[in-house]
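Working notes, structure below.
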Amino acid sequence: MRRIALSVAASTMTLSLAGCGVLGATGDGASASPTKGDDITVGLLLPEKANTRYDKFDFPIIKNKVAELTSRKGKVEYANADADAARQAGQMRQMIDDHVDVIMLDAVDSHAIAGQVKKAKDAGIPVIAYDRLAEGPIDAYVSFDNELVGEVQARSLLEAMGARNHTSDKIVMMNGSPTDPNAKQFKQGALSELSGKVRIAATYDTKDWKPENAQANMTKAIGQIGANDIAGVYAANDGMAGGVLKALRAAGVTTLPPITGQDAELDAVQRILTGDQYMSVYKSYPDEAEAAAQMAVAKVQGKDIQFDALTQDRVNSPTTKGIPSKLVQVSPLTKDRISGTVIADGIYTVSDICTPAYKAACAEAGLK
Ligand code: GAL
């Protein structure tokens with residue numbers, strides 16, 4: 001928790017410095033080695049489409065922020081790999097050949113992409129690891145505090161299971177893709193809270209984060225444990241929570257165990273309202289995406305002081321130590337927190353959530 005408090009203090013400080021114009025003093029003209037003006041191209045590589053966050057939030061927010069920071073002259077060249085690591089390597093190679101000015105990389109496979117990261121570096125193109133920590137000589141990293149995501153999920157799951165002792169209660173763990181380093185951190189964070197408190201009766205890593213793979217694994221778990229003997233499901237994200245729910249319903253379960261999630265997807269928020277899913281984790285995409293855009297533009301324009309102010313945290317990857325980073329905080333999203341998170345931040349409006357099928361649940365939760 002101390003680490004979190006410190007990093008929040010650091011980012012607040014950055015904001016207030018910017019507000020006083022101190023950072024502005026290092027802006028146009030005052031940089032040690034201004035390399036580029038506003039006419040820049042940012043290459044953006046995102047990993048998949050099954051999860052709605054990438055096309056719906058990350059890409060448009062980054063695009064708008066780059067435009068805003070460059071008097072509308074900067075462009076974003078965007079490619080989505082659709083969960084295919086080889087396709088992403090090809091997309092990155094293309095961006096290197098196109099001589100984009102900087103690459104923001106959200107890796108499908110953080111290890112396999114290291115060769116392309118090295119190629120970009122050799123071609124003089126800085127690489128910012130976006131959301132997932134790519135291996136190889138990256139220049140910076142921006143993400144959420146991913147261990148905290150796992151801790152928040154697990155704490156909520158225990159809270160939903162009630163105050164009594166749960167050491168012999170069986171839960172299922174549905175973790176994310178083994179090629180995504182975040183998945184490992186979510187799992188570590190969750191295990192730090194769950195170990196010794198519940199029985200983890202079945203645990204899976206889910207290929208490509210695909211909801212249908214989670215559904216198939218959940219069907220197996222139900223076969224092993226028994227449909228009515230599952231006290232809770234740790235699902236690492238909302239897409240998989242949806243798959244888990246389908247498997248439970250197909251097995252005839254009517255009193256659902258609490259199920260966790262992550263990403264605050266619209267259908268997950270609706271499931272939380274009706275009680276089909278217990279919680280999600282709300283991660284502020286604007287905070288992450290705008291920080292990435294600021295880093296990319298500062299890097300290309302040689303605004304070193306601004307870049308340093310944006311990257312006060314330090315993170316190690318398997319290949320690189322002390323990577324300048326920014327880790328953004330996260331919050332739990334349970335029924336009582338819908339209006340204070342996704343609605344307050346303008347991610348969804350009440351009418352996005354409260355469609356006719358959810359009118360009654362919305363009224364009950366006081367959403368209007
Ligand atoms: C993680 C990311 C999550 C989610 C997941 C795939 O790396 O942090 O927000 O997008 O991938 O669904």
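All ligand and atom numbering here is 1-based and tracks the order in the structure. Side chains included, hydrogens not; waters and symmetry mates left out as well; all remaining heavy atoms used.
- For atom 6 (C) of ligand 1, the closest non-hydrogen atom on the protein side is E48 OE2, 3.1 Å.
- Between Y204 and the options K220, M173, M240, a side-chain contact (heavy atoms from CB on, under 4.5 Å) holds for only K220.
- Checking only distances, K283 does come within under 3.5 Å of ligand 1, N or O to N or O.
- Of all protein heavy atoms, the one closest to atom 2 (C) of ligand 1 is D131 OD2, 3.2 Å.
- For the pair D139 and K121, the salt-bridge criterion is met [side-chain N within less than 4.0 Å of a carboxylate O].
- Per-residue contacts place F186 under 4.0 angstrom from the following atoms of ligand 1 (heavy atoms of the residue considered): 8 (O).
- At least one heavy atom of Y54 sits closer than 4.0 Å to an atom of ligand 1.
- In terms of protein heavy-atom proximity, atom 1 (C) of ligand 1 is closest to D180 OD2, 3.3 Å.
- Y234 places none of its side-chain heavy atoms less than 4.5 Å from the side chain of V244.
- Screening R53, K326, K283 for a salt bridge (charged side-chain N to carboxylate O under 4.0 Å, His left out) with E288, the sole residue that qualifies is R53.
- Between R53, K210, E288, R132, it is R132 that holds the heavy atom closest to atom 11 (O) of ligand 1.
- Close N/O approach between Y285 and ligand 1 is not found [any backbone or side-chain N/O within under 3.5 Å].
- Rounded to the nearest 0.5 angstrom, I222 CD1 and L248 CG are separated by 4.5 Å.
- Among all non-hydrogen protein atoms, the one lying nearest atom 4 (C) of ligand 1 is D263 OD2, 3.3 Å.
- The one candidate from T179, D180, N182, N146 that meets the side-chain hydrogen bond (donor to acceptor under 3.5 Å, both in side chains) condition with R132 is D180.
- Relative ring orientation between Y285 and F57 is described as parallel, the plane-to-plane angle staying below 30° on a 0-90° scale split at 30° and 60°.
- For ligand 1, the atoms lying closer than 4.0 Å to a non-hydrogen atom of N237 are 6 (C), 12 (O).
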